[in-house]
There are 2 protein chains.
Amino acid sequence: MLSDPKQAVPSASKGSSLGTIEREAIEMFINFFRLLGLPKSVGEIYGLLFVSPRPLTMEELMRRLDISLGAASQGLKALRSAGAVKAVYSPGERRDHFVANLELSRFASAFIKEQILPKLEQASVRAERMEAALSDLPEAERTETRGRINELRRWLDRGRTMLPVALKLLG
Amino acid sequence: MLSDPKQAVPSASKGSSLGTIEREAIEMFINFFRLLGLPKSVGEIYGLLFVSPRPLTMEELMRRLDISLGAASQGLKALRSAGAVKAVYSPGERRDHFVANLELSRFASAFIKEQILPKLEQASVRAERMEAALSDLPEAERTETRGRINELRRWLDRGRTMLPVALKLLG
DNA sequence: CAGCAACTTCAATATAAAATGAAACGAGCA
DNA sequence: TGCTCGTTTCATTTTATATTGAAGTTGCTG
């Protein structure tokens with residue numbers, strides 16, 4: 001359980017312009033990025049940039065991945081803001097060229113900082129509110145429920161001490 | 001970046017039958033479960049069971065959470081198969097009663113084992129195929145691309161040695 | 001072993017998320 | 001200043017995911 005396998009399969013259409021290495025890299029990153037809740041197009045873009053030995057323009061990404069202008073622009077925006085991709089200057093060239101940042105640990109860090117930590121903080125606030133609401137409960141249920149809330153808080157505290165350590169290990 | 005905040009808000013309809021503690025718990029678990037790619041209804045069910053001092057039937061879950069028969073059945077199935085919930089025997093009662101397993105570490109373990117490890121394995125296979133396909137590349141690109149594939153493999157190897165350790169720490 | 005309550009399944013439907021592409025924007029250049 | 005190319009934005013469309021509930025199944029019980 002915990003959701004299905006369902007393998008990523010490249011559409012036939014883009015088979016022509018991509019080699020084995022590119023296809024494998026793209027599929028791999030689609031899978032990992034999906035794990036972080038990111039859309040397919042973002043994984044495709046990063047995958048292609050990861051194995052590309054030279055910077056690519058947005059136009060090249062659109063063409064080779066067969067994605068739209070909007071998807072390319074938004075995907076790159078997201079990747080840049082996560083520090084996963086950067087624009088490099090190309091002399092005498094007007095358009096932007098993009099390269100992948102190969103330090104994969106960035107993703108884990110960004111994910112922890114932006115997704116997990118805020119949820120932990122919010123959860124702690126909720127736990128306080130739950131504690132405070134214990135008095136509304138009928139006597140009989142109070143002890144049992146208090147125990148459960150405490151269990152929850154122990155986990156939240158654990159998380160809040162562990163994650164910064166994990167972040168240090170990564171970055 | 002890395003997807004939006006967008007807070008879970010309980011539908012007005014079920015406000016009536018749920019107290020503060022229940023609402024807070026439900027919203028908290030909806031948020032965490034979503035992080036693991038699980039549907040809202042699954043988070044709702046687990047949240048309510050988590051703070052419920054006594055076992056609940058499927059019918060109670062349907063009524064109090066205002067979810068359908070199918071959602072309750074499937075959500076419980078998923079939670080049971082992940083070991084997050086179990087059915088307890090209730091003397092002289094025909095219908096099943098469910099309780100939450102409070103050991104939250106189970107989720108992390110299940111998630112790592114079922115979602116992350118398989119993807120790492122598959123990724124390693126892909127990396128081998130990429131390595132093998134290097135010879136198809138024009139000379140000029142080979143060295144750079146080989147370096148990138150190696151970078152990838154270093155990360156995959158790291159992951160494959162770290163995760164089992166993480167699993168031990170949890171369980 | 002018939003009837004029924006409890007549960008499961010799954011095709012249909014509703015909802016949410018991502019992709020598209022036309023229109024708006026903006027930076028550099030003549 | 002007005003063009004032009006490259007990029008961003010966002011309303012619309014498409015696709016994917018979750019939910020519903022009726023029909024099917026199971027297994028207890030009288």
Side-chain angles (χ1 to χ4, degrees), chain A residues 1-11 13-14 26 30-31 33-46 55-81 85-98, chain B residues 1-11 13-14 30-31 33-46 55-63 65-81 85-98:
Chain A
M1 177 270 155
L2 284 176
S3 90
D4 332 82
K6 200 166 288 173
Q7 228 53 269
V9 170
S11 77
S13 63
K14 72 190 183 215
I26 288 166
I30 288 175
N31 285 335
F33 280 38
R34 165 145 305 162
L35 214 51
L36 310 182
L38 295 172
K40 193 174 97 164
S41 62
V42 173
E44 293 178 293
I45 294 169
Y46 186 81
L56 300 179
T57 62
M58 210 170 90
E59 194 278 322
E60 287 175 296
L61 290 167
M62 287 167 59
R63 192 162 35 74
R64 304 194 64 202
L65 296 171
D66 191 25
I67 60 178
S68 71
L69 189 66
S73 175
Q74 299 210 129
L76 283 168
K77 181 184 174 186
L79 288 166
R80 260 178 301 168
S81 93
V85 150
K86 69 171 190 271
V88 295
Y89 175 68
S90 192
E93 267 279 15
R94 191 146 155 194
R95 53 178 86 171
D96 286 343
H97 289 240
F98 299 95
Chain B
M1 177 270 157
L2 285 176
S3 91
D4 332 83
K6 199 167 288 173
Q7 228 53 268
V9 169
S11 77
S13 63
K14 72 192 184 215
I30 287 175
N31 285 335
F33 279 39
R34 166 145 302 162
L35 213 52
L36 311 181
L38 295 172
K40 191 174 100 164
S41 62
V42 173
E44 292 178 294
I45 294 169
Y46 186 79
L56 300 179
T57 63
M58 211 171 91
E59 194 278 324
E60 286 174 296
L61 290 167
M62 287 168 58
R63 190 164 34 75
L65 296 171
D66 191 26
I67 60 178
S68 71
L69 188 65
S73 175
Q74 299 207 132
L76 283 168
K77 181 184 174 187
L79 287 165
R80 259 177 302 169
S81 93
V85 151
K86 69 172 189 270
V88 296
Y89 175 68
S90 193
E93 266 281 13
R94 194 148 153 191
R95 53 178 85 171
D96 288 341
H97 289 240
F98 300 93

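Chain identifiers are assigned alphabetically (A, B, ...) following the order of the sequence lines, protein sequences preceding nucleic acid strands; residue numbering begins at 1 within each chain.
The nearest whole Å value for the distance from the CZ atom in A:R34 to the C1' atom in C:dA17 is 11 Å. One can place OH of B:Y89 at 12 Å from C1' of D:dC28, the figure rounded to the nearest angstrom. A straight line from CG of A:L36 to P of C:dA18 spans 13 Å, rounded to a whole angstrom. Atoms CD1 (A:I30) and C1' (C:dA19) sit 14 Å apart, rounded to a whole Å. Between the C1' atom of C:dA16 and the CG atom of B:L38 lies a distance of 16 Å, rounded to the nearest Å. Spacing between atom CD1 of A:I67 and atom P of C:dG21 amounts to 12 Å, rounded to whole angstrom units. Rounded to whole Å, atom P of D:dA18 lies 14 Å from atom CZ of B:F33. Rounded to an integer number of Å, the gap from A:M62 CE to C:dT20 P is 9 Å.
For D:dT19, neither phosphate oxygen OP1 nor OP2 lies less than 4.0 angstrom from any side-chain nitrogen or oxygen of B:S68.
With rounding to the nearest 0.5 Å, the separation of CD in B:Q74 from CG in B:L69 is 10.0 Å.
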Write down the protein N/O and nucleotide N/O pairs, taken from nucleotides 2-11 of chain C, whose separation is under 3.5 Å; answer none if there are no such pairs.
unit_1 : atom_1 : unit_2 : atom_2 : d
C:dA6  : OP1    : B:R95  : NE     : 3.1
C:dA6  : OP1    : B:R95  : NH2    : 3.1
C:dC7  : OP1    : B:D96  : N      : 2.5
C:dT8  : OP1    : B:R80  : NH2    : 3.4
C:dT8  : OP2    : B:S73  : OG     : 3.1
C:dT9  : OP2    : B:K77  : NZ     : 3.1

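When all heavy atoms of A:S68 and A:M62 are compared, the closest pair comes out as O-CG, 4.0 Å. Considering all non-hydrogen atoms of both residues, B:L56 and B:L61 come closest at CD1-CD2, 4.0 Å.
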Between B:L79 and B:F33, is the side chain to side chain contact (heavy atoms under 4.5 Å, CB included) condition met? List the steps. CA-CA 11 Å; B:L79 287 165; B:F33 279 39; 3.7 Å; yes
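The side chain to side chain contact (heavy atoms under 4.5 Å, CB included) check on A:L35 picks up A:F32, B:F111, B:Q115, B:I116, B:K119, with sequence neighbours excluded. Partners of A:T57 according to the side chain to side chain contact (heavy atoms under 4.5 Å, CB included) rule, which considers only residues two or more places apart in sequence or in another chain, are A:E59, A:E60, A:R95, A:H97.
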